[in-house]
Amino acid sequence: MQRQKLKTKIRRSSARNYAKSTGFNSKLKQLNLAIKRLSPSWRACLPLACLIVLGWSYVAVAQTPAPAGPTTADLKIALDTLWVAIAAFLVFFMNAGFCMLETGFCRQKNAVNVLAKNLIVFALSTVAFWAIGFGLMFGDGNDFIGLSGFFLPDDNSPATGDAYKGVFSALNWTGVPLAAKFLFQLVFAGTAATIVSGAVAERIKFVDFLIFSLLLVGIAYPITGHWIWGAGWLADMGFWDFAGSTVVHSVGGWAALMGAAFLGPRIGKYQDKQTVALPGHNMSIATLGCLILWLGWFGFNPGSVMAADPNAITHIALTTNMAGAVGGIAATVVAWVYLGKPDLSMIINGILAGLVGITASCAYVSIPSSIVIGLIAGILVVFAVPFFDKLGIDDPVGATSVHLVCGIWGTLCVGLFSVGPGGYPWMVDLAGKPVGPHGLFAGGGFGTLIPQIIGILAVGGMTVLLSTIFWLVLKATLGIRVTREEELEGLDIGEHGMEAYSGFLKEASPGGFSEGTSSGEISSGGDLPSTL
């Protein structure tokens, strides 16, 4: 019985398979017939169509989901970081400008010394600011000083506002990595130290300058900077300094003033109560230095936005350039009238004076206001140079006149010309609330001007105090001035054992001739005048 049932199933299965096979063969014959009816061109396309279908099928099976692309926020961070880095590179290049400017304004016999100081000062500043300065300036602490962040610990930058978790809360407003924040602030610190170099040139011991630079960048500059940019007590009071007329330039100017005062004037500078000109040896490279500094200021001021805001950057670049240009014009005209000649050194310092003067307010003032600021700065510097000479302060390059006097003027300009909170689109906080200074001439009264005056006095007093301590300690221990013989011979030989222009004639006395020769004789015994 079971065998019979099994045979019946087999027969039925065979019948079904035969029917399917017959149906399939029938369809295959129909397909072949249809293909034969196609033209040769269409038949040739069939293999290609099969390959396309197979390829699509393979791609559909083998393809894995592509990773998501960068978000708008990621692109903004990248763009902001790129701009901050470029600005930092421009400010760093200002070291070359200071090198050229100061060397050109000094005499040939001290060229190597000036170059060496300007070169090594940034290297020292890098280490000092990384180890201690950045933490004192921006680290969390109190209203007077930062107490954390030494040796640059990691944080979760570029997070901003309440999302920021780290010890540099004063910089939580800028959405760039911590390394970008540090790099940008580092080049500013190096600038403050370089300002001192020019004022103490041609008579300071090399080692004393190095030690003072470490103390300035590691201690003095960060403490006063914390009061303003580190969310300290001056910032709480309403003191504003966008890019550093006080934080950088005035601090460097005060330190330079004290250094020049403690060192005393160069030999031969003041004779019979008269000021004797000791002209620089190369005005060509001094002019090149001025142009490099002018270029660097386009990183100094617009870079302080620390974001790639096109409106803010271009406005600040224009106010900066306008003030520098008008400062140079004003200094040229005033020097021409006051001194009788359009002195090139005054033109150079007039441009720099206008750039220093606009630095504090460049983001808060209009273009016409920047013209006024640069105009007055250019006039001030022409009269500041002889003023310090009358005080017996010998400053070979005019650093105190440019950076101190015009830094003070620029800080006051914030309280005089600023347009007020929200006056420009970038004058808002992270929440979009309008912020910013409101100047007296823009209808703001004395509410901004008074904190600016207090800040000038406070920063100046602290910098003078600390600089005095540093200089006095150095003077009592190492002695800060070279010997008379070394100064007459030149610091290139005495301090470095080399010459900047080997094989060229060089002067050996303040008047340009070696001691014991008359003005009509040449120290080398040749027939050509000595090269200054």
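Everything quoted here is computed from the prediction, not taken from an experiment. Atoms considered below: every heavy atom in the structure, side chains included; atoms not considered: hydrogens, waters and symmetry mates.
A donor-acceptor pair under 3.5 Å links the side-chain atoms of Thr319 to the main chain of Ile316, judged by distance alone. With hydrogens and angles ignored, the 3.5 Å screen pairs no side-chain donor or acceptor of Asn113 with any backbone N or O of Asp492. At distances below 3.5 Å, at least one donor-acceptor pair connects side-chain atoms of Lys181 with backbone N or O atoms of Leu171. Of the possible polar contacts, none joining the Thr103 side chain to the Val114 backbone as a donor-acceptor pair under 3.5 Å is found. Side-chain N or O atoms of Asp208 include none that pairs as donor or acceptor with a backbone N or O of Leu478 at under 3.5 Å. Proximity of a side-chain donor or acceptor of Trp227 to a complementary backbone N or O of Phe144 within less than 3.5 Å is detected.
Residues Asn301 and Thr320 have side chains that bring a donor and an acceptor to within less than 3.5 angstrom of each other.
Aromatic ring pairs are classed by plane angle as parallel below 30°, tilted from 30° to 60° and perpendicular above 60°; the pair Trp297 and His249 is parallel. Taking the six-membered ring where the residue is Trp, Phe134 and Phe182 present perpendicular rings, their angle passing 60° and hence far from 30°. Relative ring orientation between Phe212 and Trp471 is described as parallel, the plane-to-plane angle staying below 30° on a 0-90° scale split at 30° and 60°.
Contact record, Ser148 with Val167: OG-CB, 3.7 Å, taken as the closest heavy-atom pair. The minimum heavy-atom distance linking Glu202 with Leu491 is given by the pair O-CD1, 3.4 Å. Among all heavy-atom pairs drawn from Ala193 and Val217, the shortest one is CB-CG2, 3.6 Å. In plain terms, the two heavy atoms of Leu214 and Leu124 that are nearest each other are CD2-O, 3.8 Å. For the pair Gly398 and Asn349, the tightest heavy-atom approach, listed with the atom from each and the gap, is CA-ND2, 4.4 Å. For Ala260 against Ala199, the heavy-atom pair with the smallest separation is CB-O, 3.9 Å.
Between Thr400 and Val405, every side-chain heavy-atom pair lies at or beyond the 4.5 Å cut-off. In this structure, Ile348 and Met283 have side chains that are in contact, with non-hydrogen atoms separated by less than 4.5 Å.
With sequence neighbours left out, Asp80 forms a salt bridge (Lys or Arg N to Asp or Glu O under 4.0 Å) with Lys76.
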Residues Glu499, Val112; criterion side chain to side chain contact (heavy atoms under 4.5 Å, CB included); working and verdict: CA-CA 7 Å; Glu499 294 179 326; Val112 168; 5.8 Å; no
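A centroid separation of 6.0 Å or more is found between the aromatic rings of Tyr221 and Phe188. You'll find the ring centres of Phe122 and Phe92 inside the 6.0 Å limit.
For CZ of Phe383, the number of neighbouring non-hydrogen atoms (other residues, nucleotides, ligands) closer than 6.0 Å is greater than 12.
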